[in-house]
Protein chains: 2
Amino acid sequence: MTAIKESSTIQENKQYALEKCPVTYVMEKIGGYWKPIILYHLSNGSLRYSELKRAIPAVSEKMLIQHLKQLEADNLIIREAKPVVPPFVTYSLSSAGIGLMPVIQAMAEWAFIDKENGFSS
Amino acid sequence: MTAIKESSTIQENKQYALEKCPVTYVMEKIGGYWKPIILYHLSNGSLRYSELKRAIPAVSEKMLIQHLKQLEADNLIIREAKPVVPPFVTYSLSSAGIGLMPVIQAMAEWAFIDKENGFSS
DNA sequence: CATTATGCATACTTTAGGGTAAGTACTTGT
DNA sequence: ACAAGTACTTACCCTAAAGTATGCATAATG
């Protein structure tokens, strides 16, 4: 039994890691590249889908709605659609999403400091 | 010329996004799934490579050193190797890495609150 | 009457990330 | 003499994520 490589238990350990490490828990919810960026742009108030698209030109429409759906499913943002004929859909932060603002704020602040100090690779 | 789809400009817009959005800047540095987790485990002090491995059983050795190298290249952690024969290598936070602790701390705090409120999908 | 805008959905392909496994160099322990 | 520990490196493969490009319904606008 001692010959079993420890790496074969990685899968089972993932559940353990999720329960033990709070940062792992967070990464499961906002771990994607785009999610924190979306949340950052929503921090100044609700935005329409098309406004988000223009605010983040680097994201494709597919990625944008995909992550918006996931953020909604995780109760971090709220989607409101008015049944008018040119569709009018707005996204805003939920209370849990607002709770994430310290994280986003801390990121933004660190970015400015890091840039000032010129720590570039 | 009006027939060109706007999505074809996504690549060029990425550079723009990097300069404009601070959160994008941060995600380029600690955007990987494992990087914040590694930084979290180093927040209590320096650790040897093997200690990190045992602290994060869910990560494979390949991922661990890969991200450690990247974090070192980005000046977020410091690698110190003693030239002894059973290798003795420790990793610790740099000053820039310590500057990231508010982000990691905010993540950890939010995780606890979110779990208490039972916001699970 | 064709275009534009809105908020998506979907198919199709490519790429990058990550998993698994094995090897290396050197020494201490049994 | 052989396994085990330490800190990696390398090679191969595979899947999930992301890019690209369409389509759709409707209605105001030129």
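Both backbone and side-chain heavy atoms feed into the values below; hydrogens, waters and symmetry mates do not. Residue numbers start from 1 in every chain, and the chains themselves are labelled A, B, ... in the order their sequence lines are given, proteins ahead of strands.
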Donor-acceptor contact present, side-chain A/Trp110 to main-chain B/Pro22, <3.5 Å: no
Rounded interatomic separation in angstrom, taking CG from B/Leu68 and P from D/dT6: 15 Å
Nucleotide C/dG18, atom C1' - distance to NZ of B/Lys69 in whole Å: 19 Å
Verdict with reasoning, B/Met107 to A/Met27, per side chain to side chain contact (heavy atoms under 4.5 Å, CB included): CA-CA 9 Å; B/Met107 282 185 180; A/Met27 292 314 283; 4.3 Å; yes
Contact under 4.0 Å: B/Arg54 side-chain N or O vs D/dT6 OP1/OP2: yes
Those residues that, when tested against A/Gln70, pass side-chain hydrogen bond (donor to acceptor under 3.5 Å, both in side chains) (two or more places apart): A/Lys35
Value rounded to 0.5 Å, distance of CD1 in A/Ile56 from NE2 in A/His41: 5.0 Å
For atom CE of B/Met63 and atom P of C/dG19, their distance in whole Å: 6 Å
Out of D/dC8, C/dG7, D/dT6, whichever nucleotide has its closest atom nearest the side chain of B/Val89: D/dC8
Side chain of B/Tyr33 (C-beta onward), nearest among D/dC8, C/dG19, C/dG18: C/dG18
Side-chain N or O of A/His67 closer than 4.0 Å to phosphate OP1/OP2 of D/dA17: no
Linked, directly or transitively: A/Ile78 and A/Phe88 (ILVMFWY side chains, under 4.5 Å): no
N or O in side chain of A/Ser50 less than 4.0 angstrom from C/dG7 OP1/OP2: yes
Touch class at under 4.0 angstrom, heavy-atom based, for A/Lys82 against every strand present: nothing
Residue whose closest nucleotide on DNA chain D lies nearer the 5' end, B/Tyr91 versus B/Val85: B/Val85
B/Gln66 CD to D/dT10 C1', straight-line distance once rounded to whole Å: 12 Å
Under 4.0 angstrom between A/Arg79 side-chain N/O and C/dC8 OP1 or OP2: yes
Whole-Å gap separating P (C/dG18) and CD1 (B/Ile38): 10 Å
B/Ser60 vs C/dG18: side-chain N/O to OP1/OP2 distance below 4.0 Å: no
For atom CG of B/Leu64 and atom C1' of C/dG18, their distance in whole Å: 13 Å
Between P of D/dA18 and CD1 of A/Ile65, the distance in whole Å: 13 Å
Under-3.5 Å donor-acceptor pair between B/Lys62 side chain and C/dG19 base: yes
Integer-rounded Å distance: D/dC8 C1' and B/Arg48 CZ: 13 Å
